[in-house]
Q: 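One structure is given below, represented as structure tokens, and several questions about it will come after.
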2 protein chains.
Amino acid sequence: MVPTVEKLTRTDAGLASQLRVSVARLSRRLRNERDPDSTISVSGLSVLGVLFREGESTVGRLAEHERVRPPSMTRTVSCLVEDGYVVRRPHDTDGRQTVLTLSEKGEETVRVERRRRDAWLAVRLRELSPEERDVLRRAAPILEALSQKG
Amino acid sequence: MVPTVEKLTRTDAGLASQLRVSVARLSRRLRNERDPDSTISVSGLSVLGVLFREGESTVGRLAEHERVRPPSMTRTVSCLVEDGYVVRRPHDTDGRQTVLTLSEKGEETVRVERRRRDAWLAVRLRELSPEERDVLRRAAPILEALSQKG
DNA sequence: TATTGTTATACTCTATAACTATA
DNA sequence: TATAGTTATAGAGTATAACAATA
């Protein structure tokens, strides 16, 4: 199949290098599978995804999660609010904070974008052998755990 | 371990979704492991990587490879030339084209940055069980092939 | 005083449009 | 006329510094 790759991954350092390149490339491909007519930005979509998973958040927590500075997140969120994807409301007990949640439009946008990118990948997965799919099925949770370490 | 993930990946659509999220997150982590004191940009580093692998290229081919418009690549390359990472020379037979290659400094930069990011990942890999590493060892070439499809 | 978030401002990366030089 | 690359200019996203409001 791909002899040089298999040879490289025999050592841990080789595996690290190969995995890094593979993951970066696949990630780039997946990012490019966005709706070209969509007005929403990549960073905006990422924020919607976090709110979808976590239910609600604040500017500070979102900034930390996305590894961005608070003023940058303020701006991203302001655009999302202006375009109707996100709703701001005051925090119950802490007047300094603002709580952010998805609007109906925001939730629907997340679902549509996910379907779109999952579709691209699902087609490629169907072209693999059952054995290859099985390897990826077992690799997915390991990759997930890797990114949460450190 | 992570029951929800294992359940999700039983179907192909679920595997696509899970793999997409895992890959995107791991990729983000790896990108953040860059040298904070480095003056070179992420896109610049990516271009150096292509030149390292392919030996030489042109503005047009690099723009296509990085999915960027030619004027953007002209600017990225100009910075790389100005900072001494890349060398321009005229094409042998076609006077319109410019051939780009890495300088010594450019090659060394690629090696240093690779070592740095591989080091982060290699540490995480050592924390896995031998069985988990084996799964990733077999998954790496499949992920690589996936990104080259379509 | 410390924390949360915002405004003001500037820098980087990318894009489109128009131009030059060569094929 | 078409292609490769560049210049001019503008938009999007992020950063730092300074500020306001609240804890």
Side-chain angles (χ1 to χ4, degrees), chain A residues 24 27-28 31-32 34-51 54 56-83 85-101 109 113, chain B residues 24 27-28 31-32 34-51 54 56-83 85-101:
Chain A
S27 171
R28 207 180 308 156
R31 255 208 318 285
N32 285 332
R34 284 186 55 240
D35 183 354
D37 298 330
S38 173
T39 63
I40 198 166
S41 70
V42 172
S43 53
L45 198 60
S46 185
V47 167
L48 295 192
V50 174
L51 291 176
E54 312 213 339
E56 59 180 42
S57 195
T58 65
V59 167
R61 278 177 53 202
L62 285 173
E64 196 176 356
H65 190 280
E66 299 293 296
R67 301 196 183 228
V68 153
R69 299 294 173 188
S72 305
M73 187 50 69
T74 289
R75 192 164 158 174
T76 299
V77 166
S78 295
C79 287
L80 292 173
V81 170
E82 203 174 299
D83 295 345
Y85 296 106
V86 167
V87 178
R88 269 194 252 248
R89 66 173 164 77
H91 191 279
D92 289 342
T93 59
D94 187 340
R96 297 169 304 179
Q97 297 185 48
T98 305
V99 180
L100 308 166
T101 55
T109 300
E113 284 283 345
Chain B
S27 171
R28 209 180 306 155
R31 255 207 319 284
N32 286 333
R34 283 185 55 238
D35 182 356
D37 299 330
S38 173
T39 62
I40 198 165
S41 69
V42 173
S43 52
L45 198 60
S46 184
V47 166
L48 295 192
V50 174
L51 291 176
E54 312 214 338
E56 60 179 42
S57 195
T58 64
V59 167
R61 277 177 54 201
L62 285 173
E64 197 176 356
H65 189 280
E66 301 292 296
R67 303 196 182 228
V68 153
R69 299 294 175 189
S72 304
M73 187 51 69
T74 289
R75 189 163 163 176
T76 299
V77 167
S78 295
C79 288
L80 292 172
V81 170
E82 203 174 300
D83 295 343
Y85 297 106
V86 166
V87 178
R88 267 195 252 247
R89 67 174 164 75
H91 192 278
D92 290 341
T93 58
D94 187 339
R96 297 169 305 178
Q97 296 186 48
T98 306
V99 180
L100 307 166
T101 55

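Chain naming here is simple, since letters A, B, ... match the order of the sequence lines and numbering starts at 1 in each.
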Q: Quick check for you: to the nearest 0.5 Å, what is the distance between B:H65 atom NE2 and B:S46 atom OG?
A: 7.5 Å

Q: Give a yes/no on whether any side-chain N or O of A:T98 is located under 4.0 angstrom from OP1 or OP2 of C:dT4.
A: no

Q: If I take atom CE in residue B:M73 and atom C1' in nucleotide C:dC13, what distance separates them, rounded to the nearest angstrom?
A: 11 Å

Q: Using atom CG of B:L80 as one end and atom P of C:dT12 as the other, report the distance to the nearest whole Å.
A: 14 Å

Q: Measure the spacing between CD of B:E66 and CZ of B:R61 and express it to the nearest 0.5 Å.
A: 12.0 Å

Q: At under 4.0 Å between heavy atoms, what does B:R88 touch on the DNA or RNA strands: base, sugar-phosphate, or nothing?
A: sugar-phosphate

Q: Heavy-atom count around B:E54 CD within 6.0 Å, excluding the residue itself: above 12?
A: yes

Q: Quick one: A:D94 CG to C:dA2 P, roughly how many Å, whole number?
A: 17 Å

Q: My understanding is that only one of B:T58, B:V59, B:D92 makes a side-chain contact (heavy atoms from CB on, under 4.5 Å) with B:Q97; could you say which?
A: B:T58

Q: Send over the distance from B:E82 CD to C:dT12 C1', rounded to a whole Å.
A: 14 Å

Q: Between C:dT14, C:dA2, C:dT16, which nucleotide has the shortest distance from any of its atoms to the side chain of B:P71?
A: C:dT16

Q: Name the first nucleotide and the last nucleotide along DNA chain D (5' to 3') that come under 4.0 Å of a heavy atom in chain A.
A: D:dG13 to D:dA23

Q: What is the separation between atom CZ on B:R75 and atom P on C:dC11, rounded to the nearest whole Å?
A: 12 Å

Q: Under 3.5 Å, which donor-acceptor pairs link side chains of residues 70-83 of chain A to any protein atom two or more places apart or in another chain?
A:
residue	atom	partner	partner atom	Å
A:T74	OG1	A:P70	O	3.2
A:T76	OG1	A:S72	O	3.2
A:S78	OG	A:T74	O	2.8
A:S78	OG	A:R88	NH2	3.2

Q: With a 4.0 Å cut-off on heavy atoms, is B:S72 in touch with a base, just the backbone sugar-phosphate, or nothing at all?
A: base

Q: Measure the CG-OH distance between A:L48 and A:Y85 for me, rounded to the nearest 0.5 Å.
A: 7.5 Å

Q: Rounded to the nearest angstrom, tell me the gap between atom CG in B:L45 and atom P in C:dC13.
A: 12 Å

Q: Nearest whole angstrom, please: distance from the P of C:dT1 to the CZ of A:R96.
A: 17 Å

Q: Taking atom CG of A:L62 and atom CD of A:E56, what is their separation to the nearest 0.5 Å?
A: 11.0 Å

Q: Should A:T74 be listed as having a side-chain N or O under 4.0 Å from OP1 or OP2 of C:dT6?
A: yes

Q: Given that A:T76 and B:S78 both sit by DNA chain D, which one's nearest nucleotide is further toward the 5' end?
A: B:S78

